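Report on the following structure.
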Amino acid sequence: MSDYTWFEGIPFPAFGVPKETLQNVCNKFVVKEEDLILLTYPKSGTNWLVEIVCLIQTKGDPKWTQSLPIWDRSPWIETDIGYDILIKKKGPWLMTSHLPMHLFSKSLFSSKAKVIYLIRDVLVSGYYFWGNSILAKKPDSLGTYVEWFLKGNVLYGSWFEHIRAWLTMRELDNFLLLYYEDMKKDTMGTVKKICDFLGKKLEPDELDLVLKYSSFQVMKENNMSNYSLMEKELILPGFTLMRKGTTGDWKNHFTVAQAEAFDKVFQEKMAGFPPGMFLWE
Ligand code: PPS
């Protein structure tokens with residue numbers, strides 16, 4: 001079994017996410033008004049979002065995305081390396097986080113810092129990603145992973161609780177909710193939505209460049225974005241960030257019983273949200 005960093009009853013990767021950093025993020029870190037925070041539960045399409053935001057900032061010029069690792073462009077606040085980069089750097093900050101809401105810096109909730117929260121049906125992606133790294137306990141089958149996932153016994157805790165909590169901010173002006181499934185269907189529409197939210201005006205040819213350089217194929221070949229620079233001792237054969245990049249992959253993997261078990265927990269946990277709130281099939 002992999003070791004974890006346990007914090008407030010939630011397991012985090014033992015490598016790179018120490019308790020002290022989690023405590024600092026939660027209690028000490030002060031978000032600035034001009035910051036932009038990209039928030040996701042793991043495997044929601046975080047890196048795709050980071051790539052798009054970076055390319056919007058450069059108006060489609062890929063020099064930045066092709067010369068600096070993605071985790072240095074938008075540091076992960078809960079990692080020791082990311083936290084260190086952020087506290088040493090003068091703002092405004094672009095940062096990424098998978099943290100559940102109750103463990104994020106309290107300063108966010110009284111600030112006008114912008115937050116983009118991206119959600120996705122993540123289970124199958126997580127099964128392959130964590131299973132091919134040494135960061136998480138390896139399940140003996142997808143069935144076992146489904147059981148762990150439904151109980152929230154996985155890295156970063158319950159996906160359901162993560163979404164429920166962060167979506168309490170969804171009516172705020174400084175909060176943009178995105179869906180991976182929507183991004184796939186209408187990438188240009190999503191990029192324009194992000195531009196509007198950030199107050200960025202890009203020309204049509206610049207928008208085309210954003211799309212081009214954040215495409216699955218280009219990101220897969222970009223060593224600064226495809227995690228090929230990840231420490232080799234953390235990964236197992238078969239590890240990849242850019243696995244398939246599709247929606248609805250559960251249909252290729254779940255048994256009928258697993259799909260029913262998932263639906264049942266989903267209905268219970270997400271009761272209270274308006275119908276049509278979640279876009280996955
Ligand atoms: S992580 O490790 O939690 O930060 O992973 P995350 O980036 O959130 O999610 C990885 C999944 O996102 C897919 N991805 C993309 N899909 C479409 N287009 C682009 N450009 C893109 N970039 C990353 C990636 O393939 C992972 O999904 P799966 O289903 O595993 O392929």
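Numbering starts at 1 and runs along the sequence shown. Remember, predicted model here, so these are calculated numbers, not experimental data.
Side-chain atoms of Trp48 come within 3.5 Å of backbone N or O of Ser214 as a donor-acceptor pair. At least one donor-acceptor pair under 3.5 Å links the side chain of Asn27 to the backbone N or O of Gln23. Here the side chain of Asn132 pairs a donor or acceptor atom with the backbone of Gly238 at under 3.5 angstrom. Side chain of Ser97 to backbone of Leu39: no donor-acceptor contact under 3.5 angstrom is found. Under the 3.5 Å distance criterion, the side-chain polar atoms of Trp93 are left unmatched by any main-chain donor or acceptor of Ile37. With Lys138 contributing its side chain and Ile134 its backbone, the two residues share no donor-acceptor pair below 3.5 Å.
You'll find the ring centres of Phe104 and Phe29 outside the 6.0 Å limit. Taking the six-membered ring for Trp and the full ring otherwise, Tyr41 and Tyr156 have centroids separated by 6.0 Å or more. Two rings, from Phe149 and Trp130, have their centers 6.0 Å or more apart.
One finds the CG atom of Leu103 at 6.0 Å from the CG atom of Leu99 (value rounded to the nearest 0.5 Å). To the nearest 0.5 angstrom, Thr247 atom OG1 is 8.0 Å from Arg120 atom CZ. Interatomic distance, CD1 of Ile116 versus NZ of Lys193, reported as 11.0 Å (0.5 Å rounding). The CD1 atom of Ile235 lies 11.0 Å from the CG atom of Leu241; values are rounded to the nearest 0.5 Å. Rounded to the nearest 0.5 Å, atoms NZ (Lys63) and OH (Tyr213) are 10.5 Å apart. A distance of 10.0 Å separates CD1 of Ile77 from OG1 of Thr96, quoted to the nearest 0.5 Å.
Side-chain contact, Ser228 with Asn223: a donor N or O sits under 3.5 Å from an acceptor N or O. Looking at Thr187 and Thr190, their side chains never bring a donor and an acceptor atom within 3.5 Å of each other. For the residue pair Asn47 and Tyr227, a side-chain donor N or O sits within less than 3.5 Å of a side-chain acceptor on the partner. Between the side chains of Ser225 and Arg73, at least one donor-acceptor pair of N or O atoms lies under 3.5 Å. Side-chain contact of Thr46 with Ser44: a donor-acceptor pair under 3.5 Å is absent, judged by distance alone.
Evaluated for a side-chain contact (heavy atoms from CB on, under 4.5 Å) with Val17, the options Trp76, Phe12, Phe7 yield exactly one hit, Phe12. Checking Tyr128, Phe262, Tyr145, Tyr127 one by one against His253, the ring-ring contact (aromatic ring centres under 6.0 Å, His included) holds for a single residue, Tyr128.
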Step-by-step side-chain contact (heavy atoms from CB on, under 4.5 Å) determination, Arg243 to Phe129 = CA-CA 8 Å; Arg243 186 185 62 94; Phe129 184 81; over 6 Å; no

ask   = Between Glu51 and Val218, does a side-chain contact (heavy atoms from CB on, under 4.5 Å) hold up when you go through it step by step?
value = CA-CA 11 Å; Glu51 204 79 340; Val218 171; over 6 Å; no

message = Applying side-chain contact (heavy atoms from CB on, under 4.5 Å) to Ile194 and Leu176, what does each step give before you reach the verdict?
response = CA-CA 8 Å; Ile194 299 173; Leu176 177 67; 4.2 Å; yes

inquiry  = Test ring-ring contact (aromatic ring centres under 6.0 Å, His included) on Phe278 and Phe266; report intermediate values, then the result.
reply    = CA-CA 11 Å; Phe278 301 103; Phe266 187 86; 5.5 Å; yes

request  = Evaluate the salt bridge (charged side-chain N to carboxylate O under 4.0 Å, His left out) criterion for residues Asp84 and Lys88: first the C-alpha distance (whole Å), next the side-chain angles of each, then the deciding distance (0.1 Å), finally the verdict.
outcome  = CA-CA 6 Å; Asp84 207 45; Lys88 286 187 181 142; 2.8 Å; yes

key: Verdict with reasoning, Cys26 to Lys106, per side-chain contact (heavy atoms from CB on, under 4.5 Å)   = CA-CA 7 Å; Cys26 196; Lys106 304 289 166 286; 3.5 Å; yes

request  = Go through the steps to decide whether Glu268 and Lys264 satisfy the test salt bridge (charged side-chain N to carboxylate O under 4.0 Å, His left out), and finish with yes or no.
outcome  = CA-CA 6 Å; Glu268 283 165 16; Lys264 185 168 176 288; 3.2 Å; yes

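Residues Leu211 and Phe216 share a single hydrophobic cluster, defined by chaining ILVMFWY side chains whose heavy atoms lie under 4.5 Å apart. One hydrophobic cluster holds both Leu234 and Leu236 under the rule that ILVMFWY side chains link at heavy-atom gaps under 4.5 Å. Met242 and Met230 fall within the same hydrophobic cluster, defined by Ile, Leu, Val, Met, Phe, Trp and Tyr side-chain heavy atoms under 4.5 Å apart, directly or through other members. Cluster annotation: Val154 is connected to Phe15 through the hydrophobic network of ILVMFWY side chains, with a link wherever side-chain heavy atoms come within less than 4.5 Å. Neither Ile81 nor Leu135 shares a network with the other; the hydrophobic side chains, linked directly or stepwise wherever heavy atoms of I, L, V, M, F, W or Y lie under 4.5 Å apart, form separate groups for each.
Looking at every heavy atom in both residues, Ala136 comes nearest to Leu155 through CB-CD1, 3.6 Å. For the pair Thr65 and Cys54, the tightest heavy-atom approach, listed with the atom from each and the gap, is CG2-CB, 3.8 Å. Of all the heavy atoms in Pro75 and Ile85, the pair that sits closest is CG-CG2, 3.8 Å. Of all the heavy atoms in Ala113 and Asn174, the pair that sits closest is O-ND2, 2.9 Å. Nearest heavy atoms, Trp166 versus Pro100: NE1-C, 3.6 Å. Nearest approach of Glu78 to Thr21, heavy atoms of both residues: O-CG2, 3.6 Å.
The environment of Lys32 atom NZ is dense: over 12 non-hydrogen atoms of other residues, nucleotides or ligands sit within 6.0 angstrom. Annotation: Lys184, atom NZ; neighbour count of heavy atoms from other residues, nucleotides and ligands within 6.0 Å is above 12. Within 6.0 Å of atom CD in Glu33, more than 12 heavy atoms from other residues, nucleotides or ligands are found, so the atom counts as buried in its surroundings. Under a cut-off of 6.0 angstrom, the local environment of CG in Leu172 is crowded, with over 12 non-hydrogen atoms contributed by other residues, nucleotides or ligands.
Counting only heavy atoms from C-beta outward, the side chains of Ile119 and Trp159 never approach each other to under 4.5 Å. Side-chain contact between Asp35 and Ser111: absent, with no pair of heavy atoms (C-beta onward) separated by less than 4.5 Å. Counting only heavy atoms from C-beta outward, the side chains of Met224 and Ile70 never approach each other to under 4.5 Å. Side-chain contact between Leu118 and Tyr179 is absent, with no heavy atoms from C-beta onward closer than 4.5 Å. Counting only heavy atoms from C-beta outward, the side chains of Ile10 and His102 approach each other to under 4.5 Å.
Using a 4.0 Å cut-off between charged side-chain N and carboxylate O, Glu181 and Lys185 make no salt bridge. Taking the charged nitrogens against the carboxylate oxygens, Asp208 and Lys212 have no contact shorter than 4.0 Å, which rules out a salt bridge. A salt bridge is defined here as a Lys NZ or Arg NE, NH1 or NH2 lying under 4.0 Å from an Asp or Glu carboxylate O, and Lys269 with Glu161 meets this definition. Salt bridge absent: Lys112 and Asp173 never bring a charged side-chain N and a carboxylate O closer than 4.0 Å.
The salt bridge (Lys or Arg N to Asp or Glu O under 4.0 Å) search around Arg170 returns none, not counting sequence neighbours.
At least one test fails for Lys114 against the ring of Phe175: distance under 6.0 Å to the centre or angle within 45° of the axis.
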